[in-house]
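Side chains included, hydrogens not; waters and symmetry mates left out as well; all remaining heavy atoms used. Residue numbers count from 1 along this sequence.
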Amino acid sequence: MISPADELKKVRAYLAHMVKHNGSDLHIKAGSVFRARIQGSIQKLGKDIFTEEQAESFAKELLGDRYGEFVEKKDMDLVYPFDDKVRFRVNIFYQMNGISAVFRVIPLEIPDISVLKLPEVIEDFVQKERGIVLVTGVTGSGKSTTLAAMINRINQTKQKHIITIEDPIEFVHKDNNCIVNQRSVGQDTLSFANALKSALREDPDIILVGEMRDIETINLALHAADTGHLVFSTLHTTDAKETINRIISTFPTAEQNRIRLSLASSIQGVISQRLVKTVDGKRRAAMEILVRTPTIERLIMENRDYEIKDAIEKGKSHYKSQSFDQSLFDLYNEKVITEEVALENATSPSDLKLKMAGFSQGGHSGSNEKTDEQKKDDDIFDLK
């Protein structure tokens, strides 16, 4: 009879194999073979079926005295330290055939902004003293990595108090030039909202909220930004326009105008990202980046969200904002990605294809000539 320890040992062998081949996620499912996401694609690992009984035995060994809590809640998040170089964020859950789990790699070494080759404007967001910066994208798009790199840069270059509220804690930040207090929801605090309320009494300069999941958390995050703190957070939205809409539509109709005004005055930027395959077989983040300007502020206040994408594209040369298609076009021009990958990930493939062929699409070309709106922004807005 195979013991629970043997089942965990088997899983660890697959984890080691995945890490060796630069995978990001190991998928374990009762009644199925092991699979891993390697360079963005799901691949089978061997032919062994992980039975329902083996999956249950593995869960008992992994969770220990928390197994009873898992049985009651039916799903659970945790961090699994593999060795002194790699940790995993784990979600374990019940499905119709038994127990499944997904292990996501969390490197112990926090990548630098320059190593990730993030756009120059990311450095500008790190230098802000107050307001809110949102990093958005689908699950697995690299939001946590981008945020960790930004917090790490602040920790290296400033003398601040940073509080992170996460579920669970992924990247571990050691005190460098900053004091960094990291709190895990469920272990160190009952909820994001509770931790945010507490954070405002803990003399923070920077607050990282792992995810804005509900009205109370969004409200508190905006309040923190309004009262002179720099707030970073994430949302599962696909672009800047949807991000603005999602935040506002979360609130009852009677409150939406107040939230529009608060968001318009506090938003510093929205970074929306998608991981795309590069020509060397790796992955790189294509990013839509909204930068707050008087034009953007006005569009949010006046419920003209449908104009945000055009404003982002027109501000590329002057404010370093960019749409997804502009980001993809630049990556294509730099020979980082192929034309096929660029068009697969484009918001408007037909427009991007024309641009690749040398045609300018009105204001979407990233021209260096400033618009009247940009000239007005120059006169009244302090980018610092």
Got a salt bridge between [X] and [Y], using NZ or NE/NH1/NH2 to carboxylate O under 4.0 Å?
X	Y	result
Lys117	Asp112	no
Asp167	Arg213	yes
Glu129	Lys158	yes

Do [X] and [Y] make a side-chain contact, defined as non-hydrogen atoms from C-beta onward lying under 4.5 Å apart?
X	Y	result
Ile49	Val33	yes
Val133	Val231	no
Phe232	Met150	yes
Glu313	Ser321	no
Gln43	Arg35	no
Lys10	Leu8	no
Ile289	Ile312	no
Leu208	Ile151	yes

Co-membership, hydrophobic cluster, residues [X] and [Y], 4.5 Å side-chain:
X	Y	result
Ile218	Leu263	yes
Leu118	Ile110	no
Val135	Ile113	yes

Q: Assess whether side-chain contact (heavy atoms from CB on, under 4.5 Å) is satisfied between Thr217 and Val209, documenting all intermediate values.
A: CA-CA 9 Å; Thr217 302; Val209 184; 3.9 Å; yes

Q: Determine which pairs satisfy side chain to side chain donor-acceptor pair (under 3.5 Å) with at least one residue from residues 331-345, sequence neighbours left out, and list them in order.
A: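 For residues 331-345: Glu339-Lys353.
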
Q) What residue pairs, at least two apart or across chains, pass side chain to side chain donor-acceptor pair (under 3.5 Å) with a residue in residues 101-110? A)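 Sorted result for residues 101-110: Asp25-Arg104.
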
Q.
Would Arg87 and Phe82 count as a cation-pi pair here, with the cationic atom under 6.0 angstrom from the ring centre and within 45° of the axis?
A.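 Verdict for Phe82: no cation-pi partner in Arg87.
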
Q) Any cation-pi pair here, Arg89 with Phe103, using under 6.0 Å and within 45°? A)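 No.
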
Closer than 3.5 angstrom, by distance alone: can the side chain of [X] be matched with the main-chain N or O of [Y] as a donor-acceptor pair?
X	Y	value
Glu123	Arg153	no
Asn177	Gln159	no
Gln54	Thr51	yes
Ser57	Glu53	no
His236	Val138	no
Gln268	Val291	no
Ser32	Lys29	no
Asp325	Ala346	no
Gln273	Ser141	yes

How long is the straight-line distance from [atom2] of [Y] back to [atom1] of [X], given to the nearest 0.5 Å?
X	Y	atom1	atom2	result
Thr189	Asn194	OG1	CG	5.0 Å
Leu230	Ile162	CG	CD1	9.5 Å
Thr146	Met287	OG1	CE	4.0 Å
Leu222	Arg258	CG	CZ	8.5 Å
Ile244	Ile259	CD1	CD1	12.0 Å
Gln187	Leu78	CD	CG	10.5 Å

Considering non-hydrogen atoms only, spot the tightest contact between [X] and [Y] and give its length.
X	Y	answer
Ala342	Leu352	O-CD2, 3.7 Å
Pro204	Ile163	CB-CD1, 3.8 Å
Leu116	Ala149	CD1-CB, 3.7 Å
Asp305	Leu299	OD1-O, 3.9 Å
Gly137	Lys143	O-NZ, 3.1 Å
Thr136	Ser272	OG1-OG, 2.7 Å

Q.
For His223, I'd like to know if atom NE2 has over 12 heavy atoms of other residues, nucleotides or ligands within 6.0 Å.
A.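 Atom NE2 in His223 is not crowded, with 12 or fewer foreign heavy atoms closer than 6.0 Å.
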
Q. Considering residues, nucleotides and ligands other than Lys44, do more than 12 of their heavy atoms fall under 6.0 Å from its NZ?
A.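 Check fails, neighbour count at 12 or below.
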
Q. Only one of Leu45, Val102, Val105 forms a side-chain contact (heavy atoms from CB on, under 4.5 Å) with Leu26, so which one is it?
A.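 The residue from Leu45, Val102, Val105 that satisfies side-chain contact (heavy atoms from CB on, under 4.5 Å) with Leu26 turns out to be Leu45.
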
Q | No-hydrogen, no-angle side-chain donor-acceptor test under 3.5 Å, Thr278 and Asp280 | A |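 Yes, a side-chain donor-acceptor pair sits under 3.5 Å.
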
Q.
Using 30° and 60° as the class boundaries, would you call the ring planes of Tyr67 and Phe70 parallel, tilted or perpendicular?
A.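 The arrangement is tilted - the two ring planes meet at 30° to 60°.
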
Q. What do the steps show when you test Leu134 against Ile247 for side-chain contact (heavy atoms from CB on, under 4.5 Å), and what is the final call?
A. CA-CA 11 Å; Leu134 299 171; Ile247 291 173; 3.5 Å; yes

Q.
With salt bridge (charged side-chain N to carboxylate O under 4.0 Å, His left out) as the rule and sequence neighbours excluded, what pairs involving residues 180-207 come up?
A.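 Residue pairs with at least one partner in residues 180-207: Lys197-Glu216.
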
Q: For residues 219-246, pull every pair meeting salt bridge (charged side-chain N to carboxylate O under 4.0 Å, His left out), keeping only residues two or more places apart or in separate chains.
A: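 The answer is Glu242-Arg246.
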
**Q.** Working for side-chain contact (heavy atoms from CB on, under 4.5 Å), residues Asp310 and Glu307
**A.** CA-CA 6 Å; Asp310 283 343; Glu307 297 180 47; 5.5 Å; no

**Q.** Residues Leu196, Ile207; criterion side-chain contact (heavy atoms from CB on, under 4.5 Å); working and verdict
**A.** CA-CA 8 Å; Leu196 257 173; Ile207 304 172; 4.0 Å; yes

Under 3.5 Å donor-acceptor pairs involving side-chain atoms of residues 14-22, not counting sequence neighbours:
from: His21; atom 1: ND1; to: His17; atom 2: O; distance (Å): 2.9

Q.
Show, in sequence, the C-alpha distance, side-chain angles and deciding distance for Ser41 and Lys277, and conclude whether the side chain to side chain donor-acceptor pair (under 3.5 Å) test is met.
A. CA-CA 10 Å; Ser41 299; Lys277 289 184 179 180; 3.2 Å; yes

Show me the donor-acceptor pairs, under 3.5 Å and distance only, between side chains in residues 91-98 and residues at least two apart or in other chains.
from: Asn91; atom 1: ND2; to: Asp77; atom 2: OD1; distance (Å): 2.8
from: Gln95; atom 1: OE1; to: Asn97; atom 2: N; distance (Å): 2.8
from: Gln95; atom 1: NE2; to: Ser100; atom 2: OG; distance (Å): 3.2

